[in-house]
There are 2 protein chains.
Amino acid sequence: MDEDKTTRVMVRNITDLARLAGVSPGTVSRALAGKSLVNTKTREKIEALAREHGFRPNQMASGLRRQKTGVIGVVIPLGHDSRQQISDSFFMTLLGHLADELTREGYDLMLRRVVPEDDADWLDRFIGSGMIDGVIVIGQSDQFDRIEDVADGYGPMVVWGNHTEGQRHCVVGTDNRLGGRLAAERLIAAGATRLAFLGDTTAMEFAARFAGAQDIAARMGLPPIITLPTHLSPDRASEEIAQHLAARASQIDGIFAATDTLAALCLTELRACGIAVPGDMKLAGFDDLPIARQTVPPLTTVRQDIAAGARGLVDLLLRRLAGEKTESLVLPPQLVVRATA
Amino acid sequence: MDEDKTTRVMVRNITDLARLAGVSPGTVSRALAGKSLVNTKTREKIEALAREHGFRPNQMASGLRRQKTGVIGVVIPLGHDSRQQISDSFFMTLLGHLADELTREGYDLMLRRVVPEDDADWLDRFIGSGMIDGVIVIGQSDQFDRIEDVADGYGPMVVWGNHTEGQRHCVVGTDNRLGGRLAAERLIAAGATRLAFLGDTTAMEFAARFAGAQDIAARMGLPPIITLPTHLSPDRASEEIAQHLAARASQIDGIFAATDTLAALCLTELRACGIAVPGDMKLAGFDDLPIARQTVPPLTTVRQDIAAGARGLVDLLLRRLAGEKTESLVLPPQLVVRATA
DNA sequence: ACGCAATTTGCAAACGATTGCAAGATTCCT
DNA sequence: AGGAATCTTGCAATCGTTTGCAAATTGCGT
């Protein structure tokens, strides 16, 4: 009955709880925040009451007063190639790791997908919303310039993407160019001499991978690598790959795919065309997603360390939140030789 | 110069802007909110100033005052099998679609992964934070009871998962039991008579799929389906599958995998054992993820309509936010016959 | 020119938590 | 016991926006 009476009272805010505990709101606030200024006994009493009534301080109010929200924004700009990009395995895995890392550091994660062409100031909007303490941008897409602009006036931002000499925003990413070199070297070592790059080279990361491969082709005195542009969504890509193969398969004996996902699709199409891998055609991918182990034959690829990437992003962001000025972080790719090259 | 002078002023809040515009904060608020109560000319002037200074009202403050945040929480409870579940293709694809749908409805998405066993009141914490207007729970994991408890006192919650007769929380999900029936029927039609279920049946969805398959086996007078429990993370699963096959392969001629991901791994292991699919062993998966088309041979599976699921989740949640009491939504699965059964 | 209705605006009190400052209560030392 | 030093607490302002109410302005008809 006594419990009944107390439980019946609705505790909506710190003031209600203060009344119950017979103290002032300020004391409750301090107690719940675990500050040392409050007497152990009162603190315990307050904590007990809070638990009993399932009360938790309102984060919005707290955020407003403290001018920090405990939330990090994660934004994925979708290029022209909007669709599917977010369900792309790579980004999703990265997102998963980010969620882990941020949680571990006590932050929440607010996810936003944006289509920059429909919404020019997507980045300022997010930052200016007052809802987030900092922002992680996943993928530069074709928004390099806008990101640069914002970086000048806003500190707590870190971007996953490609590092370009002299850029002003803090970026974390794999050394794509080096990765491209590794892939090309492997294809050539496996016997290929006429290479093609499968993927859309207008995306910065992909362009760098292509450039790396081209470095090697040139150094080896091989003919320039031809490009076979595709979209990223599986349905369109399959079709486009089939067309590319129909038109070009006879002119090449090695394919460097921008992504494992593309490589896997390509493998399927090659099989459909009756082209043997690695016999008639060498193939290399990029990312080392789980699927790379499961294709038949398993895929030779270039690994990106996604977990390290996520850790880097969060670590740099926290340092920037603390006011530090941080350099970009470029991670080394690693060649993983399996059976396709 | 005149522009210089104005641009130099930092506009941090609605009051600053009001001063610039020569009106009161209230008017600025109304103007920016697009209310009809404010004169068209003043509104335009205010909007112009806001644009010029890149000012946006603080969402925290607005949320506090209006008692709604415009944010929907999406929480993924990770079972004992913590790892990897979030990068599971299925959940990630669902998450992508959710992000789309919520954005379209003008909501932001706050993502939280939780490990219920480390943190008993994960759900109340999220709800009580004051940061979200409603919550979508992705997967019941082993938290059915806790979710039921919460559902009694909190309206705006919708859960992705399995529907159980008489449950009190609003759920959206595929009819797993029916899906299980479809898969078993197909395996049997393809010639299998001694079936196994690959996956952890303590997860509710999986248990229902298993039960469905068992329905059919019983009806057909076949021996009971044996279960081959596994974890979900690819590394552990591979190993476990290999062990299962070593021990049991000779006793069975058909496998119903709880997930396409597991089916694909299983296919790889079968190949390693030299067991022909579908010759010596029929195989069916569940989900119809992109990978199902890319395995060799391509996978027979049961499709879940993920996009429809996401739409359902958001639609029901919005209705509940509006105060409606909604029923659960059970989506029909669809058999997709490819080459493994 | 006057009165009444319809528009626009301003005022000030919320929303719920935090925190500098000062007052009140304890402790401790002599 | 007296007084200084240390702990605890309460007070009240503050974060930035929204909104009910009332005041001020405008428009309109006569």
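The sequence lines fix the lettering, A, B, ..., with proteins before strands; numbering per chain opens at 1. These numbers come from a predicted model, not from an experiment.
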Engineer: When the nearest nucleotide of DNA chain C is assigned to L37(A) and to L37(B) on a heavy-atom basis, which residue is associated with the more 5' position?
Structural biologist: L37(B)

Engineer: Rounding to a whole Å, what distance do you find between K68(A):NZ and dT18(C):P?
Structural biologist: 12 Å

Engineer: Could you point out which residue of D108(A), L317(A), T69(A) forms a side-chain contact (heavy atoms from CB on, under 4.5 Å) with D133(A)?
Structural biologist: T69(A)

Engineer: Expressed as a whole number of angstroms, how long is the span from L64(A):CG to dC15(D):C1'?
Structural biologist: 4 Å

Engineer: Output the single nucleotide from dG16(D), dG16(C), dT8(C) whose closest atom is nearest the side chain of N39(B).
Structural biologist: dT8(C)

Engineer: Going by side-chain contact (heavy atoms from CB on, under 4.5 Å), L316(A) matches just one of T326(A), L321(A), V171(A). Which one?
Structural biologist: T326(A)

Engineer: Could you check how far CD1 of I14(B) sits from C1' of dT18(D), rounded to whole Å?
Structural biologist: 8 Å

Engineer: Within the structure shown, what part of the strands sits under 4.0 Å from V23(A) by heavy-atom distance: base, sugar-phosphate, or nothing?
Structural biologist: sugar-phosphate

Engineer: Nearest whole Å is fine: how far is dG16(D) P from R56(B) CZ?
Structural biologist: 17 Å

Engineer: Would you say E327(A) has more than 12 foreign heavy atoms packed within less than 6.0 Å of its CD?
Structural biologist: no

Engineer: Salt bridge between R146(A) and D121(A), side-chain N to carboxylate O under 4.0 Å?
Structural biologist: no

Engineer: Strictly below 4.0 Å, N to O, side chains only: are D100(A) and R104(A) in salt-bridge contact?
Structural biologist: no

Engineer: In whole angstrom, give the distance that lies between atom CZ of R19(B) and atom P of dG10(C).
Structural biologist: 14 Å

Engineer: Using a cut-off of 4.0 Å on non-hydrogen atoms, how would the nucleic acid contact of K41(A) be classed: base, sugar-phosphate, or nothing?
Structural biologist: nothing

Engineer: Considering only side-chain heavy atoms of S29(A), which listed nucleotide, dT9(C), dT18(C), dT17(D), is closest?
Structural biologist: dT18(C)

Engineer: Measure from CZ on R43(B) to P on dT9(C) and round the result to the nearest Å.
Structural biologist: 10 Å

Engineer: Just one of T27(B), L32(B), V23(B) clears the side-chain contact (heavy atoms from CB on, under 4.5 Å) bar with V38(B), so which one?
Structural biologist: T27(B)

Engineer: Describe the nucleic acid contact of S62(A) in one word from base, sugar-phosphate, nothing, applying a heavy-atom distance below 4.0 Å.
Structural biologist: sugar-phosphate

Engineer: From dG10(D), dC11(C), dG16(C), pick the nucleotide closest to the side chain of R30(B)?
Structural biologist: dC11(C)

Engineer: When you check the phosphate oxygens OP1 and OP2 of dG16(D), does a side-chain N or O of N13(B) lie under 4.0 Å from one of them?
Structural biologist: yes

Engineer: Closest approach to the side chain of Q67(B), judged atom by atom: which nucleotide of dA17(C), dG16(D), dC15(C) is it?
Structural biologist: dC15(C)

Engineer: Could you tell me the separation between the CD1 atom of I46(A) and the P atom of dT8(D), rounded to a whole number of Å?
Structural biologist: 13 Å

Engineer: Name the nucleic acid region contacted by R12(B), choosing base, sugar-phosphate or nothing; use a 4.0 angstrom heavy-atom cut-off, strictly under.
Structural biologist: nothing

Engineer: Starting the side chain at C-beta, find the nucleotide from dG10(D), dA13(D), dT18(D) nearest to R65(A).
Structural biologist: dA13(D)

Engineer: By nearest atom, which of the nucleotides dG10(C), dC15(D), dT17(D) is closest to the T27(B) side chain?
Structural biologist: dG10(C)

Engineer: Rounded to whole Å, please give me the gap between CG in L17(A) and C1' in dT9(D).
Structural biologist: 16 Å

Engineer: So if I take every side-chain heavy atom of K35(B) and compare against dA17(C), dT9(C), dT19(D), which nucleotide ends up nearest?
Structural biologist: dT19(D)

Engineer: Choose from dC15(C), dT9(D), dT19(D) the nucleotide whose nearest atom is closest to any side-chain atom of R66(B).
Structural biologist: dT19(D)

